[in-house]
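Structure, as structure tokens:
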Amino acid sequence: MKAAELFVRCLENEGVEFVFGIPGEENLDVMDALLDSSIRFITVRHEQAAAFMADVYGRLTARPGVCLATLGPGATNLLTGVADANMDHAPLVAIAGQAATTRLHKESHQVLDLTRIFEPVTKYSTSLLEPDIIPEVVRKAFKVAMTSKKGAAFIEFPENVADMEIDAAPLPVKLPTDPEPAAGKVTEAARLISTARNPMILAGNGVVRAHASEQLADFAERLNIPVANTFMAKGVIPFRHPCALGSAGLQANDYISCGFDRADLVICVGYDLVEYHPYLWHPSRDRSIIHIDHSPAEVDAHYPVAVGLTGDIGLSLQRIAQQASRHAGRHIRPLRERLVNEMNQHRDDTGFPVKPQKIIWDLRTALDLKDIVVCDVGAHKMWMARMFRCEYPNTCIISNGFASMGIAVPGAIAARLACPERKVVAVTGDAGFMMNSQEIETAMRCRLPIVILIWSDSSYGLIEWKQMNQFGRTSNVHFSNPDFVKYAESFGARGYRVERTGDLPTILGEALAADTVCIIDCPVDYRENFRLTEQLGSLVCPT
Ligand SMILES: Cc1ncc(C[n+]2csc(CCOP(=O)(O)OP(=O)(O)O)c2C)c(N)n1
């Protein structure tokens, strides 16, 4: 068979369902071979969106999402989404065409050294310089992407190699397993927990990746220890669980800081430092830390590890819980209680533009607990991360390591493909929306009904918030928007504009029930950002 065919067989062998991408001149053979495959190709309108789709598909399914581009500009367009997946530890395999090996050594049309360009944003970056190595390279790319901590891999496929004849078969797929935690470390951790006065858990996205949420909740319950979660670990412990404290991660003081202030021992489980820097929650550097993860802790002056357990996260939690003694006492649940109060306070708010708290209330009310929200990056993300209640992991997808704008719309499309039985909402700022809004066409063409909820303020809201806090004035953050309703309609989608706050629940209900793409332009009152800063600035922790 042709090398391109073997390559596609290898992708099938890895269980690939979708490839997101754009065809090009240098991947003609692969595109042709895909026609005879069970794999569905999702043609997109920008390669960055293809990479974000693969990224979110990987987060939701725990299997590598696959994206494909041509060489040169197609490949460089993939970079942002690939970096996003890699930094947020989502499994992804990116594929790019390349010029024939006969012209890689010289100045040549659209030729860039792609494997080097992708090296810093992947765990493995390689070129298929010979057809014989295809089974090994594909197997290795998927294995590396799936090995903890998960991340991205990149394969470049020169066009002349894709066209060669080869007689080979895919290699058998074996999933890497995490080792058992060391017994001595389990005992040490259990002793530290038993003798601590106020232990607290910081749960990160590694718990989601390890499917260890149940073990985490069980651990917290058995030992009666409160749990804060990072933005990306929302839902890892149900919000209504008596041990749940809420999300930590705002770069300013937040109610949850009171929990960290009070703790003498912080048990970090599946915590990625990239998401929430330890200097923000551990400025004093004087607390004991237990690190439970797939891999050893990153070195950081604010993250001094007393005991480190590496290996299977769920098993580590189970083993420690068997040995540690239960803590007495009631948890202070500062963030959780205050958020509930704050939400209740705004549920019937009629002020216009709509307050962030009210948008979140209406959205939470309109959605089923297992529906999926894909959040973009901006002030809206801060509000969503703090206030949107999640009872299940992976129901509010947030890019918080690389934190790239533009993920929500393509991410929602991928979420709908990965979980067709669930409703999917992209929550986005107006700026982030316009970064990948061309993918509305993809969603319409592929008949993927998603709701896009735009928090519109005609500004780079988060940056305006920071500029005002720091300098008391804004610099170059304002812009104007197209008419989002007409914009939606120009794609054949449905557009709504929220003119009165009271209309939002009805609009959300209609949009979620619709069998098409719906775009909701919801003016947001970001004066609440400054109120929040003030409120948190004068925060006094309960004793
Ligand atoms: C691709 C990318 N460019 C720039 C930034 C820096 N940045 C973070 S938030 C933000 C503003 C986002 O504005 P918008 O999408 O309207 O959301 P809002 O903050 O108004 O809710 C910017 C420019 C980023 N994170 N990612």
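The figures here come from the full heavy-atom set of this structure, side chains too, leaving out hydrogens, waters and symmetry mates. Atoms within each ligand, like the ligands themselves, are counted from 1 in listed order.
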N27 side chain to A69 backbone, donor-acceptor under 3.5 Å: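 Flag set: sc N27 to bb A69 pair under 3.5 Å.
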Quick one: are the ring centres of [X] and [Y] less than 6.0 Å apart?
X    : Y    : value
Y460 : F479 : yes
F41  : F20  : no
Y271 : H291 : no

Write out the protein residues near ligand 1, meaning a non-hydrogen atom under 4.0 Å from one of its atoms, in order of chain and number.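 Ligand 1 pocket, heavy atoms under 4.0 Å: V377, G378, A379, H380, A403, S404, M405, G429, D430, A431, G432, D457, S459, Y460, G461, L462, I463, Y526.
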Nearest-0.5 Å distance that lies between atom CD1 in I359 and atom SG in C522: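 If we round to the nearest 0.5 Å, I359:CD1 and C522:SG are 4.0 Å apart.
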By salt bridge (charged side-chain N to carboxylate O under 4.0 Å, His left out) - contacts of R494 (at least two apart):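 With neighbours one apart ignored, the set is empty.
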